[in-house]
Amino acid sequence: MAAILNRSGKLTAHGASWTRSHVCSLRKTNGIPVYRKCERAERAEVTLDEAADILKVSRTTAYRMVSSGALPARQLCGGAPWIIRIADLQRGAVCREADARRSRRPISRYPQQNLLPL
């Protein structure tokens, strides 16, 4: 959390950079619970990397889909992980877009080259 706050240029109330103890103090003061490992799964959300695995595309392709608006995603602040709802991954338009982008992979110039089943 401190790393994300520092990357986004946020400072503490006293103008210092964020540390783990600053984040812990802020959470305690404001009653903000600590992140639980299965919290995203309970909300039916995945990260960009997990979405790429589900769609069977590369992380870069998934990011391009988010950038173009083909894959709905949100970021709490700049530098934070992209959060994608599982329901959005199952939409027909998103699946078709992933299929179309997967089929754009370049074919080898060498016809004798074997394909690797992945």
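Since the model is a prediction, treat every value here as computed from it, not as a measurement. Throughout, numbering of the chain's residues begins at 1 and tracks the sequence. Side-chain atoms are counted along with the backbone in the values below, which use heavy atoms only and exclude waters and symmetry mates.
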(request) Applying side chain to side chain contact (heavy atoms under 4.5 Å, CB included), run through Leu71 and Leu89 and close with a yes or a no. (result) CA-CA 8 Å; Leu71 178 58; Leu89 291 175; 3.8 Å; yes
(request) Please determine if Asp88 and Arg91 form a salt bridge, counting it only when a charged side-chain N lies under 4.0 Å from a carboxylate O. (result) yes
(message) Using the rule that Ile, Leu, Val, Met, Phe, Trp and Tyr join whenever any side-chain heavy atoms are under 4.5 Å apart, tell me whether Met1 and Trp18 fall into a single cluster.
(response) yes
(request) Decide yes or no on side-chain hydrogen bond (donor to acceptor under 3.5 Å, both in side chains) for His22 and Ser25, but give the supporting numbers first. (result) CA-CA 5 Å; His22 286 134; Ser25 175; over 6 Å; no
(message) Could you see if Ile86 belongs to whatever hydrophobic cluster contains Ile83? Use Ile, Leu, Val, Met, Phe, Trp, Tyr and a side-chain cutoff under 4.5 Å.
(response) no
(message) Looking at every non-hydrogen atom in both residues, tell me the closest pair between Ser17 and Thr12 and how far apart they are.
(response) O-CG2, 3.9 Å
(request) Rounded to the nearest 0.5 Å, what's the gap from CZ on Arg36 to CD on Glu42? Could you check? (result) 4.5 Å
(message) Is any side-chain heavy atom of Val94 closer than 4.5 Å to one of Pro72?
(response) yes
(request) Go through the side-chain N and O atoms of Thr60 and Ser58 and say whether any donor and acceptor fall under 3.5 Å apart. (result) no
(request) Taking Arg102 for its side chain and Lys56 for its backbone only, find out whether a donor-acceptor pair lies under 3.5 Å. (result) yes
(request) State, to 0.1 Å, how close Ile84 and Ala73 come at their nearest heavy-atom pair, and which atoms those are. (result) CG1-CB, 3.5 Å
(message) For a 4.5 angstrom cut-off between non-hydrogen side-chain atoms, does Asp53 reach Glu50?
(response) no
(message) Rounded at 0.5 Å granularity, tell me how far OG1 in Thr61 sits from CZ in Arg59.
(response) 11.5 Å
(message) Going by side-chain hydrogen bond (donor to acceptor under 3.5 Å, both in side chains), Glu45 matches just one of Arg40, Arg85, Arg74. Which one?
(response) Arg74
(request) Check the hydrophobic clustering (I, L, V, M, F, W, Y; side-chain heavy atoms under 4.5 Å; chains of links allowed) and say if Leu55 and Tyr63 are grouped together. (result) yes
(request) Taking all non-hydrogen atoms of both residues into account, name the closest pair between Leu5 and Ser8 and its distance. (result) O-OG, 3.0 Å
(request) Kindly work out whether a path of hydrophobic side-chain contacts (I/L/V/M/F/W/Y, heavy atoms less than 4.5 Å apart) joins Leu48 to Ile4. (result) no
